[in-house]
Amino acid sequence: MNPIQGNVSIDAQNIMPIIKKWLYSDKDIFIREVVSNGCDAITKLRMVDYKLAEGCAIHVEVDKAAKELRFIDDGVGMTEEEVKTNINQVAFSGAKSFLEEYAKSEGKDDDQNGIIGHFGLGFYSVFMVADKVSIDTLSFREGAEAVRWESEDGMSFTMGPSERAERGTTITLHISDAEEEFLDVWRVREVLERYCSFMAVPIYLDEIKEVKQEEEVKVTGEGEGAQAESEDQDGKAEPEAPKPINDTKPLYAKAPQDCTDEEYKEFYRKVFHEYEDPLFWIHLNVDYPFKLKGILYFPKLKEKFGGIEGQIKLYSGQVFVADNIKEVIPEFLMLLKGVIDCADFPLNVSRSFLQNDGYVRRISNHITKKVADKLTGMFKTERETYEGFWPDIHPFIKYGVMREEKFAERMKDCLLFKTTEGKFLTLDEYKSRNGEKLPDKMVYTSDPARQDAAIRLFTERGIDVVVLDQLIDVNFVSYMEYSADPESKFKYCRVDAELDSLTSDAEAPELDGDKLTALVREAAGKDDLTVELKPLANESIPLMLIEDEQTRRFNEMGRIYGRSEFNMPAKYSVVLNSRSKTVQKLAEREKDERSVLLMHQLFDLAELSRQPLEAEQMTEFIRRSMEIVEFAAQM
Ligand code: ADP
Ligand code: MG
């Protein structure tokens, strides 16, 4: 061919600065782009001639001395015409339209800009890191001649004959000084492992160690690979073939019936660097109406009160796209760990595609449905297993139910409540067990140890108390009351907020309410306390503090969201048990120092069973206790 010089496009001058600016944070994406092009080239060859493509691979060479990073494939290659079309026009126009799309959103929606880099923009992304790029390529077509394309800035190029003698393409990047990290073999390996670990063609990372007498020494399979080789040996010192850095047939791409439990667990450990096994998993495998494969894992909860942090890796045709893309993966599913591969998902995606495309929405709905199906199926046929998982999966399920109406609809009969006695009950089961004694209400504890005394009041009467002690439960309880079934009058009350079911219809004496109220107010030092006189079923409790459920919840939410400044003063009332002997005595007695002291003690005792006393209050409480003990000793 005759040497050619040219400009990629008249607008090119405008685009390189934009590429550099926009993609600054995710530069390493160029490796994915170049390797995936090589992968495509080999896949194309496979389709033309399966035999010819056997053993084809991509080699990534790190040549620090020459400051070069080379990507070598033995795929279809390109003819001169193809370089003109595919590189000078196609690659450029792809980059251009991609950037135009994003440039529109500059300055707006800051949080969305973060995803730009993830998607890359094809071949041209190499100019983010290279100050000179060349392509040497020889097409598989008969009679084709090798072509060399070279450019320093992605704007102007030269084309001429190449010395390349074998089919395929070599992309040589002369790495610019500022981007030297990409000449570090470990850095390159890290990027390859991130983006290319499931690509369908074997990828080898070769480090060009040194240049001796103009002969290059190639070291294949450095680091991990080399170690693995020696482990593989079974005594005989036969040299092993170098290992590719990727798994060309990842487990998720296989048919579920061909995968064993051990393989699922191993895949989980490897992909997510986890030591602990997952609880269970869902293997997605759909061909129609869209192509979707993947595995979603339910991890064990790490810390009881800690947040859950999942990771959903999105792939497109075995090429990594990004983690946790909220447009594709329903937000609540990001609490899981998994890989999702949408083969029809383009690598170069625009924002409008993500936001408006029905395809993306359908994928998202499908995944939600599959997860719900798995859970409801397990609930119906393996209730015991489901109950065993509940303590680990309930925050995830509750979050999902609150976030996704469709998920809530499917899961509503499979929500469990764990009782203080370790039983797992659905809402309906709770209602039918307790409805008679406790109509339209569920009592719960947010801290079984602290609230033990109050819990007993219910369990002694045969009423189930459920444990709702996680951060998410504060929101969940309100969700259940107001959103899940707005018609229903069903309420959730913490053990110290419910009294109706504790009162007794047994005879109780008429006591002087005004006198007792005055006594309590004086003892507590609060003039505006609400005091009620009620016959409680349990005679041994003289005084209880009942806190208003709604106010408490409101304040808890304030704490969770760090908006405590809007908190309302705690609203509680004092209930005096008219069936308590102590209360009866205090009602009969003329008010004096001792009756105030005793009432004060009762009040603090009730307070103590709800929360620790403040230092000063505690000192006073102990002093008073000593006084009572001394007095008792004299009797
Ligand atoms: P895309 O891969 O989305 O088509 P790119 O900018 O990555 O866009 O690449 C542009 C085109 O250049 C590819 O479609 C392909 O035709 C050609 N190409 C790039 N790299 C290679 C390669 N290693 N072998 C053969 N053709 C290639
Ligand atoms: Mg590409």
Side-chain angles (χ1 to χ4, degrees), residues 8-9 12 15-16 19 23 26 28-49 52-53 56-61 69-101 117-130 133-141 144-151 154-155 157 159 162 164 166-173 195-196 199-204 315-321 343-350 353:
V8 174
S9 151
I15 209 160
M16 287 321 295
I19 288 179
L23 298 177
D26 275 300
D28 56 12
I29 205 102
F30 78 91
I31 293 185
R32 179 191 77 177
E33 296 299 323
V34 180
V35 175
S36 73
N37 283 346
C39 200
D40 291 346
I42 292 170
T43 311
K44 280 179 203 160
L45 186 68
R46 255 182 214 160
M47 294 199 270
V48 180
D49 186 338
L52 203 58
C56 280
I58 296 166
H59 283 263
V60 180
E61 288 185 359
L69 194 56
R70 295 187 284 270
F71 299 85
I72 306 157
D73 70 67
D74 44 9
V76 281
M78 284 178 275
T79 61
E80 182 190 341
E81 273 316 302
E82 283 168 334
V83 174
K84 285 183 189 161
T85 333
N86 299 341
I87 301 298
N88 298 342
Q89 290 164 27
V90 172
F92 183 77
S93 67
K96 193 172 156 230
S97 60
F98 176 80
L99 281 164
E100 274 168 1
E101 186 72 48
H118 290 304
F119 295 106
L121 29 65
F123 174 73
Y124 266 78
S125 54
V126 295
F127 289 102
M128 290 187 292
V129 297
V133 176
S134 56
I135 304 175
D136 286 278
T137 182
L138 175 59
S139 167
F140 75 103
R141 291 175 209 282
E145 282 176 51
V147 185
R148 181 176 178 85
W149 178 98
E150 214 172 86
S151 172
M155 294 184 257
F157 63 87
M159 257 174 93
S162 163
R164 189 178 170 109
E166 276 127 35
R167 183 200 69 233
T169 305
T170 299
I171 312 280
T172 305
L173 308 183
Y195 292 107
C196 311
M199 280 191 193
V201 167
I203 303 162
Y204 298 90
Y315 293 79
S316 166
Q318 299 183 209
V319 182
F320 178 72
V321 177
D344 305 320
F345 197 86
L347 270 190
N348 292 304
V349 208
S350 68
F353 171 86

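Whatever order the structure lists them in is the order used to number ligands and atoms, beginning at 1.
On a distance-only criterion, I171 and ligand 1 share no N/O pair closer than 3.5 Å. Between N86 and ligand 1, a contact under 3.5 Å exists for at least one N or O pair. The shortest N/O to N/O separation between Y124 and ligand 1 does not fall below 3.5 Å. At least one N or O atom of N37, backbone or side chain, sits closer than 3.5 Å to an N or O atom of ligand 1.
Side-chain contact, T170 with R164: a donor N or O sits under 3.5 Å from an acceptor N or O.
Shown in contact with I87 at under 4.0 Å from a heavy atom are these atoms of ligand 1, numbered in order with element: 12 (O). Taking every heavy atom of F123 and a limit of under 4.0 angstrom, the matching atoms of ligand 1 come to 5 (P), 6 (O), 7 (O). Against a heavy-atom cut-off of under 4.0 Å, A41 is close to the following atoms of ligand 1: 24 (N), 25 (C).
For E81 and R141, the salt-bridge test fails: no basic side-chain N is under 4.0 Å from an acidic carboxylate O.
In this structure, the side-chain contact (heavy atoms from CB on, under 4.5 Å) partners of C196, at least two apart in sequence or on a different chain, are V35, L192, M199, I203. Applying the ring pair (Phe, Tyr, Trp, His ring centres under 6.0 Å) criterion to F140, with sequence neighbours excluded, gives no partner residue.
With R167 contributing its side chain and D74 its backbone, the two residues share a donor-acceptor pair below 3.5 Å.
Using a 4.0 Å cut-off between heavy atoms, V34 makes no contact with ligand 1 at all. At a 4.0 Å heavy-atom cut-off, ligand 1 touches M78 through the side chain alone.
Taking both residues in full, the closest heavy atoms of A144 and L138 are given as O-CD1, 3.5 Å, listed atom of the first, atom of the second, then distance. The two residues T43 and C39 have their closest heavy-atom pair at OG1-O, 2.7 Å.
In summary, S36 places no N/O/S atom under 2.8 Å from the Mg ion (ligand 2), failing the contact criterion.
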